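I have placed the structure first, in the form of structure tokens, so that the comments after it can refer back to it.
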Amino acid sequence: MLARISHSQWVHSRTIFNSYRTPTFLSSLSRPEPKVYTRKQGFQITRIRYEELKNSKDSSLPQGLTAEIVQEQPAMLYLDQVFPLRMNRFDIRQMLVRSTHSSLESMARKLIPTEGMPHNFKIVDVIPREKDGGALVKFVFESTEANKKEASKEITRKISDFLESRNQLSFFRLQPMRAFLVKGMPFMEDMVARYPTTRLRIEFQGEPVEVEKLYKHVRTYGRVYNISIYPNPHLSKDPPRYAIVQFLRIRSATCARNCLHGINVHGTRLNILYEQQLHTNVVKDWIVNHPRITIPVIAALIAFITYVIFDPIRVFFITSKVSQRFNLEEYSFYRWLRKETWARLVSGDHHTIDSQSMWTEGSEQIEKLQSWVHEKPETFVIVSGPKGSGKSVLVKAAMEDRRNKLLIDCEELSNARNKTELSKLLAEEIGYFPLFTWVSLIGGLLETMVTATTGQKAGISSTPDSQIKDILETAAIALRELSPRYKIDIEKKENDNPNKGLFTSFLKLDSSASDDSNNNNNNDKNDKDNDNNEKKDYNLDPLEEKAKLHSNREDQYNKEDIPVVIIDNFMHRETTKNAGLWKELAEWASILIENEIAHVIFISAHPGANRLLSKALPGKSFSSIVLADAPTELAIMFIMKRMGTHIVDEKLSNIVDALGGRLTELELLTAKMKAKMEPEAAFNEIVYRNLLEVLKYGFNEQDDLIESHKDWNAVQFWSIVKQLAKNKSCNYNQLKWSPLFNGDDKPLKAMERAEMITIIQQDGHPHSIRPGKPVFYTVFSRLVSDNVFSATMEIESNTQLKKISETNIAKFEETITTLSNVYGGRPPREIDTRIRSLLAKVAATQKLIEEYEAHISESKKIIEKDWKDQ
């Protein structure tokens, strides 16, 4: 209703209203004159006025006023579909839309009509709500206090009708844009962890609101899926504190939150937040809650994928290395091209080639080795001999023209620092690629986690030892694919299979038709021969037929295509770390032999190689080739060819005779002679180097020795040195049962492993002992000729022998004392005979002790006499 006021007061108020072009309350005649604003374009003046109206708290009327007047009212509306929704921090759709203030103002002018709007509608400001995908539009309008709600709804309805009439669509979703009146106070937040969802959490600040009232408010913004009150009043005594409203669309939830947050419903304020929905997955929960079952299954799936994808790749690379598929040296055109171009310009390794050809030329061992590998694989081939005797050169010369061959050098494998590096080196030697060494680390970590959580082992950890086994197993599969017998078995299975493809049958018919056309002229002759053969075959016994079929099967494939595996430097270094490697290689080689997959040739200088291989392949004798040092004539020819001379020097012959026919020593001698060193000086330097080696390892002069070098003492080795300095060899059994060894041959075996001596076998058992190298004869002679050193070792030897004799005398005396007390000091005749025998031994041992003491005194005099200060 209009107010009743005096005429003068009403005229005065209208004058003030028209002067500012903004309606206001007429509070009193004495109110101070309002501030005059300058008129500008855009939203600046209106926005300032909106803030003044919003913050103004002076709503009192002057005395005598009893009614309301039209005034400017602030309000907001929410525009939906302005921006794409931001669902997470990685959502980049916001970058496709400009969100500057000027762009928002221009968009507001296009979407909201400024002409024909009721109540003097004016836009004040536009606030972007990028995360919610909309924008808040602040506006003012003229209305009384009682009619402001209806006026704001009418303005919002006009804007909605305008958007529907123009069919305004968002460019990023092609959905119609919507406008809603903001009924509460929007929560202006930019929290990173909260993103729009279909679920809204409505908290009650006051009395709880009923579901019907909530539904009436939220249904305006979209279809509602469900409304739940918590705590449930039917199950709990506590009053409800919040409600969960779930919409069908996220846009409906964003509109409801921006329009209803902070609204008062019958004295209760509603605070609205996004509720993150907990997505439950039954399969995922079951997998997480049952690790004892799921982890082994996942490990099995990973192993299956590895078997299906990576194992064929590894087999391909191994077969390529064995068959020399990518080795250019195997192609005749490349060898011819290199010979005619590069070899004419660069000398190359002619000396190495000459030494190899001279060491193996005309050798019967090559023919023997070639004949063995042309047969069916039945046993190991072992090429043994001391280092530098030409074992590797012999095998390479014999297998030079072999098509399928694989060389594994164990010297590099034995120098690996740990098992992981060992598996990498073995993979490189075999051609195993790709290799994932980190799988064992991850498997061990998972095994530890599962054991810590469940208390039981899952069995998914893989160690480097198991990885080595996998490498060898894959290599065996690759070698089997190259085996001609395996190829024939596959072809036979394909021929016996009745369910063949049409393409295979067509190819077979095509090939048979071509064969028939080429053999028409010979059909008559072959028919007669076949008739005669059939008559003969009908008369064969079943056993003869099986034998004939077996022989025909073996004759079908070329035995030269059988792969050959060469394991060089087998048991190069016998340590605890490498013991497992030698055992794995031996067992792997036995599998290749037993399944007739490939020939295996072991090249070893270790005397215990036969023992280990016998355990891997029991019940079979090995094909062995034992190489020795070259004779003096061949060694002289080698030096003459390396030096490029045909004149034989007598001094050089004596030096070579003393040096021996060891290839490594001869190459070292020629290298020093090429460096303008005299042969005698070069020989003396080689002898001195070996002398230091004998003192270090033979006499244990250093403490940092490996365990195998500590299995004997210096006195035991000195007894061998004295005999070999005078003779070419010494009796093995005599030395074994001497007082210093007392029947224990472990020190002798250890010296052989350390290459200090060589044990010569005869008829399968040790027969004699020789030096580890031919040059050791000269070294031992020089050690014995050194009076001071020889006297020192004699003192140690006689001292140890004296201790042994004194220990024996103590045992004899104890036994004599015990026997003498039998029957009260009157032993019978038999015991008395035993006592007299022991007394004779005591006397003989006493004489030995006196001799040892005499030798000790003589040796001390020699040391005192022959010692000279340098």
Side-chain angles (χ1 to χ4, degrees), residues 50-51 53-57 59 73-80 82 119 124-129 131-141 143-157 159-160 178-191 194 196-230 233 239-275:
Y50 177 89
E51 296 295 334
L53 292 174
K54 182 179 178 181
N55 298 327
S56 177
K57 297 182 180 179
S59 59
Q73 302 289 347
M76 285 188 293
L77 62 87
Y78 179 76
L79 286 178
D80 191 18
V82 177
H119 306 288
V124 177
D125 195 6
V126 180
I127 302 174
R129 302 288 288 165
K131 186 165 62 176
D132 296 335
L136 292 172
V137 180
K138 293 182 179 181
F139 63 91
V140 293
F141 60 94
S143 173
T144 62
E145 187 69 22
N147 296 330
K148 66 178 181 178
K149 291 184 178 180
E150 289 75 10
S152 61
K153 291 181 180 178
E154 182 181 358
I155 292 171
T156 306
R157 187 169 56 254
I159 296 174
S160 299
R178 302 184 300 172
F180 298 98
L181 180 65
V182 177
K183 300 179 181 179
M185 297 296 293
F187 182 20
M188 303 296 181
E189 52 84 15
D190 57 351
M191 291 183 286
R194 290 186 177 271
T197 61
T198 57
R199 294 164 59 90
L200 294 179
R201 178 188 178 96
I202 303 178
E203 298 178 352
F204 306 139
Q205 288 188 356
E207 295 295 327
V209 182
E210 298 177 354
V211 175
E212 293 82 357
K213 295 181 181 179
L214 287 177
Y215 178 81
K216 182 179 179 181
H217 282 84
V218 301
R219 182 61 182 84
T220 307
Y221 309 100
R223 296 192 62 185
V224 179
Y225 181 80
N226 188 23
I227 300 177
S228 301
I229 303 294
Y230 296 96
R241 296 190 296 272
Y242 67 93
I244 300 295
V245 179
Q246 184 170 358
F247 290 89
L248 291 179
R249 298 181 181 274
I250 299 179
R251 290 283 179 175
S252 303
T254 57
C255 295
R257 182 174 183 269
N258 284 276
C259 296
L260 296 180
H261 181 81
I263 188 175
N264 287 312
V265 179
H266 299 289
T268 301
R269 175 185 169 89
L270 302 182
N271 295 332
I272 303 177
L273 298 173
Y274 292 119
E275 180 74 8

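These figures come from a predicted structure and were not determined experimentally. Quick note: numbers below take in every heavy atom, side chains included, and nothing from hydrogens, waters or symmetry partners.
For Pro239, there are no side-chain contact (heavy atoms from CB on, under 4.5 Å) partners at least two apart in sequence or on another chain. With sequence neighbours excluded, the residues forming a salt bridge (charged side-chain N to carboxylate O under 4.0 Å, His left out) with Lys148 are Glu145, listed by chain and number.
Aromatic rings of Tyr242 and Tyr230 (six-membered ring for Trp) have centroids within the 6.0 Å cut-off, being under it.
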- Query: Checking side-chain contact (heavy atoms from CB on, under 4.5 Å) for the pair Arg257/Leu273: CA distance, chi angles, key distance, verdict?
  - Reply: CA-CA 7 Å; Arg257 182 174 183 269; Leu273 298 173; 4.0 Å; yes
- Message: Does Asp80 form a salt bridge (charged side-chain N to carboxylate O under 4.0 Å, His left out) with Arg178? I'd like the steps, not just the answer.
- Response: CA-CA 5 Å; Asp80 191 18; Arg178 302 184 300 172; 3.3 Å; yes
- Residues His217, Val209; criterion side-chain contact (heavy atoms from CB on, under 4.5 Å); working and verdict: CA-CA 11 Å; His217 282 84; Val209 182; over 6 Å; no
- Task: For Lys213 and Glu207, run salt bridge (charged side-chain N to carboxylate O under 4.0 Å, His left out): C-alpha distance rounded to whole Å, both residues' side-chain angles, the deciding distance at 0.1 Å, then the answer.
- Result: CA-CA 13 Å; Lys213 295 181 181 179; Glu207 295 295 327; over 6 Å; no
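One N or O on the side chain of Arg251 and one on the backbone of Gly133 form a donor-acceptor pair closer than 3.5 Å. Between the Thr197 side chain and the Tyr274 main chain, no donor and acceptor come within less than 3.5 Å of each other. Using modelled atom types, one side-chain atom of Lys131 and one backbone atom of Arg194 make a donor-acceptor pair closer than 3.5 Å. Remark: the backbone N or O of Ala179 is paired with a side-chain donor or acceptor of Ser160 at under 3.5 angstrom. With hydrogens and angles ignored, the 3.5 Å screen pairs no side-chain donor or acceptor of Ser228 with any backbone N or O of Ile244. Put simply, the side chain of Asn258 gets close to the backbone of Thr254: a donor and an acceptor are under 3.5 Å apart.
Checking Asn271, Val182, Ile202 one by one against His261, the side-chain contact (heavy atoms from CB on, under 4.5 Å) holds for a single residue, Asn271. Partner Tyr225 forms a side-chain contact (heavy atoms from CB on, under 4.5 Å) with one of Val245, Thr198, Leu248 and no other, that one being Leu248.
The distance from atom CE of Met76 to atom OG of Ser152, rounded to the nearest 0.5 Å, is 11.5 Å. Taken from CG in Asn226 to OH in Tyr215, the straight-line distance is 11.5 Å, to the nearest 0.5 Å. Within the model, atoms CD1 of Ile229 and CG of Leu214 stand 5.5 Å from one another, a figure rounded to the nearest 0.5 Å. Separation of atoms CD (Glu212) and CD1 (Ile227) is listed at 9.0 Å; rounding is to 0.5 Å. To the nearest 0.5 angstrom, Glu154 atom CD is 12.5 Å from Leu181 atom CG. Between Cys255 atom SG and Leu79 atom CG the span is 9.5 Å, to the nearest 0.5 Å.
Taking 4.5 Å as the limit, some side-chain heavy atom of Phe204 sits within range of a side-chain heavy atom of Leu270. With contacts defined as side-chain heavy-atom distances shorter than 4.5 Å, the pair Val218/Leu200 does not qualify.
Shortest non-hydrogen contact noted between Pro208 and Pro240 is CB-O, 3.8 Å. For Ser252 against Phe247, the heavy-atom pair with the smallest separation is CB-CD2, 3.6 Å. Closest non-hydrogen pair, Val126 versus Ala135, comes out as CG1-CB, 4.2 Å. The two residues Pro196 and Asp132 make their nearest non-hydrogen contact at CG-OD1, 3.8 Å.
When the shell of 6.0 Å around CD of Glu210 is examined, it contains 12 or fewer heavy atoms from other residues, nucleotides or ligands.
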